[in-house]
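First the proteins, then the strands, lettered A, B, ... as listed; each starts at 1. Hydrogens, waters and symmetry mates play no part in the numbers below; they use all other heavy atoms, side chains included. Owing to the predicted nature of the structure, the values given are computational and were not obtained by experimental measurement.
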There are 2 protein chains.
Amino acid sequence: MPVGFNADEMKRLDEVVEKRRRVKQGELLFNSGDTFTSLYAIRTGFFKTCVTSEDGREQVTGFQMAGEIIGMDGIVSDHHNCNAIALEDAEVCVMPFATIEDLSRELPVLQRHVHKIMSREIVRENSVMMLLGNMRAEERLAAFLLNLVQRLHARGLSQSELVLRMTREEIGSYLGLKLETVSRAFSKFSEDGIIEVKQRYVKIIAPDALKKIFNPQTYF
Amino acid sequence: MPVGFNADEMKRLDEVVEKRRRVKQGELLFNSGDTFTSLYAIRTGFFKTCVTSEDGREQVTGFQMAGEIIGMDGIVSDHHNCNAIALEDAEVCVMPFATIEDLSRELPVLQRHVHKIMSREIVRENSVMMLLGNMRAEERLAAFLLNLVQRLHARGLSQSELVLRMTREEIGSYLGLKLETVSRAFSKFSEDGIIEVKQRYVKIIAPDALKKIFNPQTYF
DNA sequence: ATTATCTTTTGATGTGTATCAAAGTACTTT
DNA sequence: AAAGTACTTTGATACACATCAAAAGATAAT
């Protein structure tokens, strides 16, 4: 759990963690339709969440990494509304939502924290809607890469190098593109000297060029 | 505010409403960047929310009607992250978020309600992502119309007739389409005898046909 | 090590939607 | 009532991305 709590509060916060759970690569943390009981704080590993339409189309709705919270989709109906799948071996803290609610009635700082996490997710999805509704393929991929390295950097990792945990198809699903289009955009960036790609490994050589693609106007 | 509260709780809930505010058609309830203080419960009228990219592209992120809550985008950063614009003369209840938080520490039923509203918004945005990422123009419009009448019907209005409060361009922005494409999809539905359209007035003649377009698989 | 499977890349072609353009319709203002 | 403004419809054309196809490269299984 994050900063902003004092020592005493931290102690109380331990109460919300019922247990830890390991999830192997490819395994489900929860499935759409499962009864909702808990939120999950990712300790290690990497997840994707996705929704599936009745006719089988899959939409990746997000990629989550250490320190992030998943499961909030389940609160409204007491059933999960998406699947959460580990893209690498992972460990999560299981936090029963009833406990979170009980404790956040006593700890305003926790209450505020829960509200912010949910609001952050709403805002994130707003910007994905902007991506999907208004941006072209290369803009989407540029935004995606910038967002990923920014989050990795916030966790002490490089801001220029990363190893993708997901396939081109999963990136495409998230960005509303086909895997071939994602691959072509990677190749284009590589040809233009903006990034270096070797399979899942990506090195960002010219972050400003990526930002310029994502948001052309800023640079004129 | 909604059901699920007893008389005593209802009385307490009045405390969260600081005042009412009228918003005329075309006016802003709040603007991206405004300091966040309150959530708004729509009493009457119809709103759109939208985000704007730095280079001026606009994405409508939702349409909200009586009984729905807007403003949750502001919680995470204490500043609003989208614009809320009245599409017809409206009245809202201003509910200072600090008061909501105070009271929801005392009333578990209110606490739960707030969580559900935010979770519902997350789930709604998930399904918009599915629309934008996977569906074709006519599927998007079919889903949009079905969702609108369903919500209107839940408010005691007709489940087959509606008057759109937004332009083709605003529908298009929400659905990731250009206004001409929206117009053509309306015309197509009309030619096929699925709906009757006259400008903003829409009558749904064959709801099953719309559902079939939205989700072809279900009918085989 | 060898085979099988999965993932990625690249090319050729097709298509759904965007763009450009213009006319028609409704609404607002004076 | 007339003129101006905003919105909608429809047609012609363009283009970005999808689709189809095949090969190359990685990863996993035996």
Are Phe30(B) and Tyr40(B), when compared by the centres of their aromatic rings, separated by less than 6.0 Å? yes
Polar pair under 3.5 Å, donor/acceptor by atom type, side chain Arg184(B), base dT19(C): yes
Once you round it to whole Å, what is the distance between C1' of dA26(C) and CZ of Arg168(B)? 12 Å
Once hydrogens and angles are ignored, does a donor-acceptor distance under 3.5 Å link the base of dC20(C) to the side chain of Glu180(B)? yes
Output yes when at least one side-chain N/O atom of Thr181(B) is less than 4.0 Å from OP1 or OP2 of dT17(C), else no. no
Within a radius of less than 6.0 Å around CD of Glu161(B), do more than 12 heavy atoms belonging to other residues, nucleotides or ligands occur? yes
Less than 6.0 Å separating the ring centroids of Phe63(B) and Phe47(B)? no
Over how many whole Å does the gap from Met135(A) atom CE to dA16(D) atom C1' extend? 16 Å
Need one value for Gly172(A): base, sugar-phosphate or nothing, where a base atom within 4.0 Å counts as base even if backbone is also close, heavy atoms only. nothing
Arg57(A) with Glu139(B): basic N within carboxylate O range, under 4.0 Å: yes
Within less than 4.0 Å of OP1 or OP2 of dC6(C), is there a side-chain N or O belonging to Thr167(A)? no
Assess whether atom CD of Glu91(B) is packed by more than 12 heavy atoms of other residues, nucleotides or ligands within 6.0 Å. yes
Does any donor-acceptor pair link the side chain of Glu169(A) with the base of dC6(C) at a separation under 3.5 Å? no
Short heteroatom pairs, N/O only, protein and nucleotides 27-30 of chain D, under 3.5 Å:
none

Over how many whole Å does the gap from Arg136(A) atom CZ to dA18(D) atom P extend? 13 Å
Is Asp208(B) salt-bridged to Lys212(B), going by a charged N under 4.0 Å from an acidic O? no
Counting only side-chain nitrogens and oxygens, does Ser187(B) get under 4.0 Å of the OP1 or OP2 atom of dT10(D)? yes
Are the side chains of Arg140(B) and Val182(B) in touch, meaning some heavy atoms are under 4.5 Å apart? no
Compare side-chain N and O positions of Arg200(B) against OP1 and OP2 of dT8(D) and report whether any pair is under 4.0 Å apart. yes
Round to a whole Å and report the spacing from CD1 of Ile171(B) to P of dC7(D). 13 Å
Between Leu179(A) and Lys198(A), whichever has its closest DNA chain D nucleotide further toward 5' is Leu179(A)
Between atom CG in Leu177(A) and atom P in dG16(C), what is the gap in whole Å? 18 Å
